Amino acid sequence: MPQIKLHRHCAQRSGIGQHQRSAAFPTGMSIHRLESQPHISQLLITTSVSGGSVRCRGYSTRALPAETYVDVVGFGNLCVDAVLPMEELPPADRGIRRQLLDTLTRSPPDRSSWEVGGNCNFMVAASRLGLQVASVGHIGTDIYGEFMDEVLRSEGIQATTRIAPSRSTPHEPPELPFAQNTPNGGSTSGTHLDSTLICFVLVDPRSRHAFCSRYDFGPWPLLEGIRTLPREATSVLRSARAVFTNGFIFDELPLEAVQGACNDAIQHGAAIFFDPGPRCQTMLEGPRRAALDLLLDLSAVVLMTEEEARVVTGLADPEAAAQWVLARPGCRAEWVVVKMGGQGALLCARKDANSNGSSSSRTGSAIKGKGNRKENGGCGCSQSSGSSTALTTTTRLGAVKVEVLDTVGCGDSFAAAVVMGFISGWPGDVTLALANAVGGATATGRGAGRNVARLEKVLALLEDGAAGAADGGLEQAAAFARAQELLLQSLASRQHWRDQSREQQLSAAA
């Protein structure tokens, strides 16, 4: 059987050592580090089989110019994290935390503590899986915005298309990020539209975290004057196969702006992915409940943790919560994914979306395949790994086994893999296998941003899962093996597409 070799010539920020690893795959592929393409973990993939070359799947089924096409846009929730050690975490008291935020903000933290955060975690993970990624959101022309753009570009992500006006004098650290309450209860948001949001990540000696940012205090939305997105931002969203956003988007933008942007993207073929995140605690009534309901209805895929699913639906059972979302009148979601930490994850799908491993409404080209349930003739997992109702099927997959150092960014990384599986037409169990491996790879490092999962670690964990080392054992090994195979095929296909595009550009220039 042909072999695949991962040559790891450079030490990684995530701490992966310098060594070589070999594993057998159905087709012969060689992976070599390529210094000029950090956005795919600096790996060059070539393929060969006896008797001819591998036939690569098309890069896109959409007739879009290469320079404008993207797989996924990260929409909103852009921030710079400042990681600060503290002897003890602050209490939950709102007043104390507000005072702490103002104190920390008045003295800009040392650059060594900066890391990109928020939706940047998702975008970096997606880019490292080989997806074409773009950013639409709010950052300023200050030193923090420049830092974020520099990091995103280094990861192969298109520079952020801004959704708010900016001033022309860079290099000024913001006095306060985003809006500030005035003594009479008003807002000075108009004078702070050019400030990049800073989120202070407070870490105690036991590695427990607390977050402190302007998101927590409002007034919401922080960019209250924006009703529609600028033309450039709308154009990027229209070029995407998928748009990923989370509950923080409504801390930034009014409901009508989010609704307009998402509806327009859907009309141009994009699938919306929504993760309510911890902000769902603030979205249970009034206008913010309307905002939550809007994205639950507009999204093709909804992702939640167990706790978030309980808050959103009022149901303690994660499968029942997922089915509740799918049963909402007017809901267009095809998948609801619930992240369960060390217990793995479950994916609840509409039967018409899961019956052949793909859905006609997806924007990606489908890979022919079945789910992991016995009734669907899937990868050979036992019937106990899934369940069914009259309208939905549920797939569960065990977690990969890793030594957890830090869970920050794991859910964002997990979501990047779900996007990849969905737009590529992968079956639910295969998508969960990749997602669990990507989330697990992130957990082996400390911090998020540039410390999220690297491709080499993801492939190693998929290999372990294929050998039965994940919590699902050999029953679910086939899903990990298939995820490994399809990920490598996708990377090879995308490398082939890039090479062809480069050749065409050179020919045109000549």
Side-chain angles (χ1 to χ4, degrees), residues 73-81 101 105 116-123 134-142 144-145 148-149 152 159-167 174 176-181 186-200 211-230 232-234 236-237 240 243-265 272-283 286-296 298-299 412 415:
V73 173
F75 182 28
N77 187 211
L78 302 178
C79 67
V80 171
D81 286 346
L101 174 65
T105 306
V116 294
N119 240 354
C120 295
N121 303 330
F122 164 84
M123 291 188 287
S135 171
V136 170
H138 175 72
I139 61 174
T141 54
D142 50 35
Y144 303 111
M148 184 183 297
D149 261 346
L152 294 183
T160 298
T161 303
R162 289 166 166 80
I163 58 176
S166 59
R167 61 172 180 259
L176 282 175
F178 283 168
Q180 178 183 5
N181 285 333
S187 168
T188 62
S189 58
T191 63
H192 293 277
L193 282 177
D194 197 39
S195 299
T196 303
L197 180 70
I198 307 170
C199 178
F200 296 99
F211 301 92
C212 190
S213 78
R214 190 62 54 190
Y215 275 139
D216 300 325
F217 303 103
W220 301 313
L222 301 175
L223 305 177
E224 61 182 349
I226 297 176
R227 295 290 178 258
T228 58
L229 300 191
E232 295 80 2
T234 299
V236 174
L237 290 169
V243 174
F244 176 83
T245 193
N246 58 37
F248 288 102
I249 189 69
F250 292 107
D251 290 351
E252 299 176 358
L253 289 172
L255 185 150
E256 63 186 278
V258 177
Q259 183 175 16
C262 288
N263 275 327
D264 187 72
I272 307 298
F273 291 72
F274 177 52
D275 186 338
R279 302 308 285 166
C280 66
Q281 299 275 2
T282 70
M283 306 174 75
R288 289 178 69 81
R289 180 71 210 199
L292 174 64
D293 289 341
L294 171 70
L295 275 182
L296 289 177
L298 290 181
S299 298
D412 302 318

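This is a predicted model, so every value here is computed, not measured.
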Closest non-hydrogen atom pair, [X] against [Y]:
X: Asn119; Y: Gly76; value: ND2-O, 3.0 Å
X: Ala164; Y: Ile226; value: CB-CD1, 3.6 Å
X: Leu78; Y: Gly137; value: CD1-CA, 3.7 Å
X: Cys262; Y: Leu295; value: SG-CD2, 3.9 Å
X: Cys79; Y: Cys120; value: O-SG, 4.5 Å
X: Ala261; Y: Leu229; value: CB-CD1, 3.6 Å

Indicate yes or no: at least one non-hydrogen side-chain atom of [X] is less than 4.5 angstrom from one of [Y].
X: Thr245; Y: Phe273; result: no
X: Thr105; Y: Phe200; result: yes
X: Pro276; Y: Leu292; result: yes
X: Thr234; Y: Asp264; result: yes
X: Phe250; Y: Arg279; result: no
X: Ser195; Y: Asp142; result: yes
X: Leu101; Y: Arg214; result: yes
X: Ile272; Y: Phe75; result: no

Pairing residues for Phe248 by the ring-ring contact (aromatic ring centres under 6.0 Å, His included) criterion, not counting sequence neighbours: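 With neighbours one apart ignored, the set is Tyr215.
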side-chain contact (heavy atoms from CB on, under 4.5 Å) between Arg289 and Met283, intermediate numbers included: CA-CA 5 Å; Arg289 180 71 210 199; Met283 306 174 75; 5.8 Å; no
Pair Asp251 + Arg288: basic N to acidic O under 4.0 Å: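 Answer for the salt bridge query: yes.
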Main-chain N/O of Gly145 paired with Thr196 side-chain donor or acceptor, under 3.5 Å: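 Present.
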Expected output: side-chain Asn263 to main-chain Gly260 donor-acceptor under 3.5 Å: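 No; zero donor-acceptor contacts below 3.5 Å.
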Please identify each residue that fulfils side-chain hydrogen bond (donor to acceptor under 3.5 Å, both in side chains) with [X], with sequence neighbours left out.
X: Thr160; result: Ser135
X: Asn246; result: Asn77
X: Ser299; result: none
X: Asp81; result: none

Spacing of Glu252 atom CD and His138 atom NE2 [to the nearest 0.5 Å]: 8.0 Å
Interatomic spacing from OH in Tyr144 to CG in Asp149 - rounded to 0.5 Å: 16.0 Å
Audit row: Phe244, Asp275, side-chain contact (heavy atoms from CB on, under 4.5 Å) steps and yes/no: CA-CA 8 Å; Phe244 176 83; Asp275 186 338; 4.0 Å; yes
Residues which pass side chain to side chain contact (heavy atoms under 4.5 Å, CB included) with Ala257, listed by chain and number, not counting sequence neighbours: Leu253, Pro254
